[in-house]
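Throughout, protein chains are lettered first and strands after them, A, B, ... in sequence-line order, and every chain is numbered starting at 1. Hydrogens, waters and symmetry mates play no part in the numbers below; they use all other heavy atoms, side chains included.
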Number of protein chains: 4
Amino acid sequence: MRIAEARTIVTCPGRNFVTLKLTTEDGTTGLGDATLNGRELSVAAYLSEHVCPMLIGRDAHAIEDTWRYLYNGAYWRRGPVTMTAIAAVDTALWDIKGKVASLPVYQLLGGRCRAGVTVYGHAHGETIDEMLDAVQGYVDRGYRAVRVQCGIPGLPSTYGVGRDALFYEPAEGGRAPREETWSTRRYLRAIPEAIAAARERFGPELELLHDVHHRLTPIEAAQLGRALEPHQLFWLEDPVPGELQASLRTVRRHTTTPIAIGEVLNSIWDCEQLIREQLIDFIRMSVVHSGGITHLRRVLHLAELHRVRSGCHGATDLSPVCLAAALHLDLAIPNFGLQEYMRHTPETDAVFPHAYRFADGLLHPGEVPGLGVELDEAAAERHPYLPALLPVARLTDGTMHDW
Amino acid sequence: MRIAEARTIVTCPGRNFVTLKLTTEDGTTGLGDATLNGRELSVAAYLSEHVCPMLIGRDAHAIEDTWRYLYNGAYWRRGPVTMTAIAAVDTALWDIKGKVASLPVYQLLGGRCRAGVTVYGHAHGETIDEMLDAVQGYVDRGYRAVRVQCGIPGLPSTYGVGRDALFYEPAEGGRAPREETWSTRRYLRAIPEAIAAARERFGPELELLHDVHHRLTPIEAAQLGRALEPHQLFWLEDPVPGELQASLRTVRRHTTTPIAIGEVLNSIWDCEQLIREQLIDFIRMSVVHSGGITHLRRVLHLAELHRVRSGCHGATDLSPVCLAAALHLDLAIPNFGLQEYMRHTPETDAVFPHAYRFADGLLHPGEVPGLGVELDEAAAERHPYLPALLPVARLTDGTMHDW
Amino acid sequence: MRIAEARTIVTCPGRNFVTLKLTTEDGTTGLGDATLNGRELSVAAYLSEHVCPMLIGRDAHAIEDTWRYLYNGAYWRRGPVTMTAIAAVDTALWDIKGKVASLPVYQLLGGRCRAGVTVYGHAHGETIDEMLDAVQGYVDRGYRAVRVQCGIPGLPSTYGVGRDALFYEPAEGGRAPREETWSTRRYLRAIPEAIAAARERFGPELELLHDVHHRLTPIEAAQLGRALEPHQLFWLEDPVPGELQASLRTVRRHTTTPIAIGEVLNSIWDCEQLIREQLIDFIRMSVVHSGGITHLRRVLHLAELHRVRSGCHGATDLSPVCLAAALHLDLAIPNFGLQEYMRHTPETDAVFPHAYRFADGLLHPGEVPGLGVELDEAAAERHPYLPALLPVARLTDGTMHDW
Amino acid sequence: MRIAEARTIVTCPGRNFVTLKLTTEDGTTGLGDATLNGRELSVAAYLSEHVCPMLIGRDAHAIEDTWRYLYNGAYWRRGPVTMTAIAAVDTALWDIKGKVASLPVYQLLGGRCRAGVTVYGHAHGETIDEMLDAVQGYVDRGYRAVRVQCGIPGLPSTYGVGRDALFYEPAEGGRAPREETWSTRRYLRAIPEAIAAARERFGPELELLHDVHHRLTPIEAAQLGRALEPHQLFWLEDPVPGELQASLRTVRRHTTTPIAIGEVLNSIWDCEQLIREQLIDFIRMSVVHSGGITHLRRVLHLAELHRVRSGCHGATDLSPVCLAAALHLDLAIPNFGLQEYMRHTPETDAVFPHAYRFADGLLHPGEVPGLGVELDEAAAERHPYLPALLPVARLTDGTMHDW
């Protein structure tokens with residue numbers, strides 16, 4: 001079963017998505033998400049100009065061989081652009097294989113390990129009270145786990161705190177990133193109080209999470225982790241930048257607050273030490289930025305060996321195709337932890353009709369063969385690409401910081 | 001799709017095989033090898049008395065969940081009997097899933113990574129000349145890799161040296177094991193000469209392997225490995241007993257002869273250090289003794305991460321069902337190394353009609369949905385179980401040694 | 001002195017026990033426990049079909065040689081079934097040797113190191129109050145150490161909490177395991193309060209223990225260990241699954257609560273790192289699941305080297321034969337810690353009349369030659385085997401968890 | 001001094017080059033190489049669509065701040081595409097700064113540490129004799145170091161062996177990569193003889209190098225390194241794929257042949273362990289694929305700390321802009337080792353007129369302010385982009401291998 005056509009579709013139903021569509025000789029189609037927030041057209045060019053032509057005529061069943069053909073064939077390997085492009089091909093081929101087998105992808109991955117995929121939502125507010133109200137909104141919708149982010153007094157804006165309660169999107173239109181101001185001192189002072197308030201209001205059952213977003217030094221992260229211990233977080237996310245995996249040793253030595261890392265990582269090499277030394281408790285890599293189902297599954301199996309659980313990234317900068325792929329994996333691995341779930345806008349859902357659905361705090365990938373997501377190309381065309389970028393952050397003295 | 005029937009079949013078409021047969025409500029069947037040479041009825045009882053009853057009514061698609069149900073549910077985990085029983089269920093479920101998907105199992109595992117599976121045969125002789133003749137026989141049949149074992153002067157019998165050129169079987173009928181005599185000194189003196197002779201006669205292209213069969217101390221293995229370096233072995237197998245994984249550090253420090261270990265190992269815990277520290281070059285675990293396709297795949301992926309290749313055990317104490325499962329895995333993993341292939345007797349092939357075939361030094365699993373092996377139950381019944389055991393070895397002073 | 005007869009007896013005086021009975025030419029008998037809870041008939045077959053025939057005619061005195069004959073001769077080594085079968089032979093041979101020497105076994109093991117064997121009992125209750133009452137019951141009986149387990153609010157059932165105060169048995173009749181529900185969050189919230197209550201009520205002298213039963217991740221175990229520090233546990237048992245021994249590093253870094261592990265381990269290879277790195281304080285392996293007195297003694301000697309003490313498993317799934325063997329070992333080793341003691345039912349004691357007795361918080365193996373336990377075969381026959389299984393546990397989303 | 005214009009120019013004077021050109025308000029221009037062989041248009045899009053717009057108006061002096069603005073601002077960091085795009089900006093800004101200061105860039109980097117930059121050339125031949133002739137050609141041109149690559153008997157083509165003696169280019173035009181066949185066995189047999197011949201012919205003074213090009217397993221690399229020890233290589237390059245840095249431990253344990261790695265690495269995180277553990281002797285990263293002068297300088301400083309020397313990649317897939325940047329760095333660091341130098345074609349030199357020149361085995365960056373390379377845009381336009389790709393390699397059984 002040969003690949004007959006490979007195309008890249010860029011659409012912006014509220015935010016930009018890049019999608020790879022493969023079609024086999026017999027007309028079976030497969031979709032793969034190729035969205036890299038703020039650098040979309042680099043991946044689109046990687047695929048359209050370099051990868052798509054070499055896919056034509058290849059066996060659509062040979063997923064593993066194609067993965068290595070693209071990975072080894074790139075010569076310069078790894079990194080977000082490369083691994084996102086490879087992920088798109090890999091995901092589309094699993095979609096095709098599911099359709100050929102007349103089975104949802106999770107069945108090919110070993111079958112169902114649980115009833116559904118427990119997700120967490122993003123609650124945020126400029127003030128603690130607004131944040132608590134937002135949490136209440138998620139609780140009312142049936143969520144069992146909520147990420148809480150709160151405005152930091154004295155800072156004009158704060159990561160994770162947006163205008164709309166449900167559809168928060170940090171990327172902004174324009175050709176240069178918005179520059180935010182950051183103060184670690186203010187943050188460290190403010191955030192324990194906010195999380196304490198959430199724990200007090202919602203009691204011990206609701207799982208609470210918090211995202212530091214890479215902004216602390218190791219010893220600051222150790223301080224924060226210890227300060228938050230009484231409030232029993234489900235996880236503390238990205239406490240420090242992750243490139244130096246050994247940094248987490250410093251954090252880990254001082255606190256038992258569980259640690260989650262991974263949304264910016266792209267390969268098993270980026271997290272091997274984190275996992276092997278049990279420096280984290282949850283690995284948060286996504287299908288789209290980590291080489292697809294084939295590669296992320298290896299990461300998740302390595303995590304299983306070392307008692308690390310999954311916590312797949314699931315922000316809206318991943319298209320419904322990636323979310324579906326994550327759900328199939330989530331359902332099929334033994335060491336599932338939690339799945340992030342930011343809701344796509346109705347416009348996005350209209351471009352990407354999908355079988356997955358939310359009910360009672362869980363997402364369900366559905367029983368449609370393949371991934372269960374399609375692309376309405378006519379709808380996609382009505383939303384042409386619009387440049388947008390994630391912000392950057394500076395300290396009050398102007399020093400460029402991690403956003 | 002529920003499991004409706006689970007039965008264990010024991011048959012002895014020349015040697016004993018234990019097979020698990022699962023049947024779903026709609027009549028789809030799956031086979032899993034459950035043969036543990038010399039302890040067959042312990043696994044058969046594990047399955048028939050304890051596991052089969054709990055499989056009835058379970059979802060045949062839920063391979064991963066069933067694996068964990070059996071592994072966690074055993075409470076006492078790991079070890080050859082337990083992991084062989086779990087492997088039988090796992091293999092049978094993959095066979096069923098392939099049939100349901102109308103795809104050979106290798107397609108479910110990611111598709112084909114190579115044209116076929118390169119195998120090695122077992123050449124042996126009481127003398128070096130007989131051994132060289134046997135190698136020639138394999139070369140004439142198209143083999144590109146041959147394991148060479150030679151009688152040790154002064155020892156009445158030697159591991160790996162049997163009566164029949166093609167169908168060597170170390171297990172012998174009876175209720176107590178045959179006791180062989182071993183002399184490390186004689187062995188270390190004799191074997192480099194034999195391997196040098198093979199290399200000289202067959203030139204640099206033929207891949208030569210040798211199996212020490214666990215009989216050396218670490219420093220003796222280091223000596224042997226270094227002595228064999230000029231003859232460029234493809235691998236030196238089981239140089240020391242494998243329970244103490246750190247033993248291989250001593251071997252490894254002294255020689256670049258590639259090392260293969262694994263046929264007696266049963267779980268990822270038994271080889272994690274071997275792989276992580278690159279103490280071996282080939283991991284030789286088998287589907288049947290390692291918890292099935294689901295678990296062995298994790299081992300092979302871990303090996304891939306650490307640049308270790310596969311070398312799956314494939315002696316005749318594994319039934320054609322296990323051999324087929326190995327071939328599907330071999331075809332689908334990127335880090336395939338070599339596959340052992342001892343030919344089953346015609347009687348065994350008649351009991352287990354199979355789609356795999358040998359051609360030009362390669363085995364091919366075939367394109368039949370599932371594993372491509374069936375069990376002729378009427379033929380199986382004509383070969384009732386006969387007790388047989390592997391030998392034990394003693395030093396010349398009577399000390400029990402590793403066989 | 002040759003072995004003339006080897007038989008396996010399966011009996012169910014309230015719960016299943018498998019016993020190996022060896023008889024020498026001169027009529028001396030020895031008993032070995034071979035019970036593997038929930039997989040009994042696999043061990044029984046291992047012995048009856050494969051091991052017993054090869055024992056006939058062997059020297060009953062050659063314990064060490066026979067151990068290696070069975071261990072090396074199995075070729076596939078380790079694991080619960082294999083090591084339980086070997087343990088049965090080993091234990092029976094020590095029993096015979098004691099009778100031949102007219103000495104209790106502990107004298108052959110080096111003689112008495114202490115007056116008696118301090119034991120701990122199992123106190124449990126659905127509520128904290130019930131649990132405290134149960135502790136009081138043990139205190140009243142003279143126990144100096146008590147394991148405390150308490151119902152978890154919101155969970156329909158809890159590990160370690162049974163109906164009967166004295167004779168708690170988690171295995172249940174039937175052909176499929178009962179499925180329990182587990183919530184780590186609820187457990188972590190409930191258990192510190194329960195243990196605090198026990199400490200408060202019974203003061204600082206009574207040794208308190210708690211069994212997590214493998215259900216936490218490393219960081220959760222670290223949290224619990226730290227939370228329990230004020231209550232001065234004697235040990236915290238099985239905080240995490242034990243296959244990945246390095247997991248204990250994470251636990252150990254954060255808490256000084258002593259750790260005990262071992263009841264599911266089967267060989268020295270399963271605990272070597274735990275002991276060498278002092279990741280535990282007590283090694284809890286049992287004679288029956290660890291290759292017998294001969295092998296467990298080596299484990300305990302390694303533990304002594306590294307300042308780790310014994311804490312032998314002693315639940316009722318071990319027969320009185322195994323308990324007696326543990327007591328002889330406990331008496332003879334310098335690094336004894338504590339012995340678990342769940343009382344067998346009167347029916348079991350009637351099938352296994354024994355010399356050991358409980359007095360003032362201590363068990364005494366007695367001075368009868370050998371182990372001091374016999375098997376009333378007529379009584380045993382009145383209790384035929386009944387299938388029974390330990391439960392499995394699932395998370396609330398259906399994920400299979402460690403029971 | 002603000003950046004007023006940022007443009008990306010793609011040209012193919014024999015092979016493809018991507019160049020970033022920055023112009024300040026006052027008309028000062030700076031060039032940065034952005035060529036990623038075979039994935040050129042992905043980097044071009046990264047720059048044109050995403051990076052160039054955000055550069056306009058920024059301070060051209062703020063090199064460090066801009067580096068972090070692009071690195072942190074990308075959110076998904078590292079990898080060849082991202083680091084190549086950042087390198088282009090960084091290189092162009094150093095070019096501008098040199099021009100503003102009226103100093104060659106090496107003066108800004110700390111000044112000259114040596115008279116010139118010793119380089120090595122690429123000698124190759126289908127046969128050993130042809131290879132030796134090619135070495136002679138380099139010796140005749142004054143080279144003091146030569147990389148030697150030789151055809152492998154039995155393989156239709158070999159890495160590093162091209163048609164033209166001086167202008168070897170592995171990338172080939174077309175939309176799918178050429179598939180080559182690889183045999184490690186043949187390679188390991190052939191190459192020591194070739195290197196021995198070169199050493200014999202050219203005596204002990206000429207520095208000889210050899211590039212394995214990532215194709216060996218760790219133990220094979222150890223074998224080769226040991227086999228080559230008598231021939232005193234200056235370095236053995238890329239003996240194994242570099243993602244798993246710990247792999248080099250295995251190589252390193254067995255041989256004292258110096259090891260060089262780095263041309264496919266893109267950040268300090270990719271080589272930190274290699275350098276910290278002294279697993280290599282030369283770090284071969286290039287300015288263009290490693291985030292520019294700013295980031296590569298940090299890598300080289302870390303290398304200095306650990307007694308590792310530089311060996312910058314300098315194949316023709318780097319444009320003269322990158323080569324010039326490398327030369328300035330080479331001149332200014334204390335731990336310079338050797339610089340690769342493949343000559344560009346006259347067409348390329350015409351598009352990129354440059355100040356650097358070769359004399360007597362050394363390259364000299366020249367004394368022109370900035371990098372000393374300009375871009376003739378009219379000439380560039382005459383050579384439009386032509387798709388071309390590096391080959392891939394398969395084993396004889398079809399397994400995808402490292403090329």
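- Between chain A and the options D/Pro80, D/Pro53, D/Gly79, D/Ala45, the largest number of non-hydrogen pairs under 4.5 Å is found for D/Pro80.
- Counting heavy-atom pairs closer than 4.5 Å to chain A, the top residue among D/Leu47, D/Asn37, D/Leu389, D/Leu265 is D/Asn37.
- Between D/Arg78 and A/Val264, every side-chain heavy-atom pair lies at or beyond the 4.5 Å cut-off.
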Practice item. With side-chain contact (heavy atoms from CB on, under 4.5 Å) as the test, would you mind laying out the steps for D/Glu243 and A/Ile268 before giving the verdict? Key: CA-CA 10 Å; D/Glu243 293 103 322; A/Ile268 201 165; over 6 Å; no
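- Neither the backbone nor the side chain of A/Arg178 comes within contact range of chain D, judged by heavy atoms closer than 4.5 Å.
- At a 4.5 Å heavy-atom cutoff, the contact between D/Val392 and chain A is made by side-chain atoms alone.
- There is a side-chain donor-acceptor pair under 3.5 Å between D/Tyr75 and A/Glu263.
- Of the listed residues (A/Arg68, A/His214, A/Arg175), the one with the most heavy-atom contacts under 4.5 Å to chain D is A/Arg175.
- Between chain D and the residues A/Glu272, A/Glu179, A/Gln245, the largest count of heavy-atom pairs under 4.5 Å involves A/Glu179.
- Proximity to chain A is absent for every atom of D/Thr84, based on heavy atoms less than 4.5 angstrom apart.
- For chain A, the nearby parts of D/Trp403 are the backbone and the side chain; heavy atoms of each come within less than 4.5 Å.
- If you measure heavy-atom distances from A/His401 to chain D, the contacts under 4.5 Å come from the backbone alone.
- At distances below 3.5 Å, not a single donor-acceptor pair connects side-chain atoms of A/Ser42 with backbone N or O atoms of D/Val43.
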Review point. D/Thr82 and A/Arg39: side-chain contact (heavy atoms from CB on, under 4.5 Å), yes or no, with the steps?
Key: CA-CA 9 Å; D/Thr82 304; A/Arg39 298 294 185 268; over 6 Å; no
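- Your options are A/Leu55, A/Asp270, A/Thr399, and the one with the most heavy-atom pairs under 4.5 Å with chain D is A/Asp270.
- Both the backbone and the side chain of D/Glu40 have a heavy atom closer than 4.5 Å to some heavy atom of chain A.
- For A/Leu244, the parts lying near chain D are the backbone and the side chain together; criterion is any non-hydrogen pair under 4.5 Å.
- In this structure, chain A has heavy atoms under 4.5 Å from both the backbone and the side chain of D/Pro177.
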Point to revise | Stepwise side-chain contact (heavy atoms from CB on, under 4.5 Å) check, D/Met83 with A/Trp76 | key: CA-CA 11 Å; D/Met83 297 306 277; A/Trp76 290 272; over 6 Å; no
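- For chain A, no part of D/Ile56 is nearby; none of its heavy atoms comes within less than 4.5 Å.
- A salt bridge links D/Asp402 with A/Arg77: the distance from a Lys NZ or Arg NE/NH1/NH2 to an Asp or Glu carboxylate oxygen falls below 4.0 Å.
- Residue D/Ala74 touches chain A through both its backbone and its side chain, counting heavy-atom pairs closer than 4.5 Å.
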Exercise for review: Verify side-chain contact (heavy atoms from CB on, under 4.5 Å) between D/Asn72 and A/Met400, making sure each step is shown before the conclusion.
Suggested key: CA-CA 8 Å; D/Asn72 287 10; A/Met400 181 63 55; 4.1 Å; yes
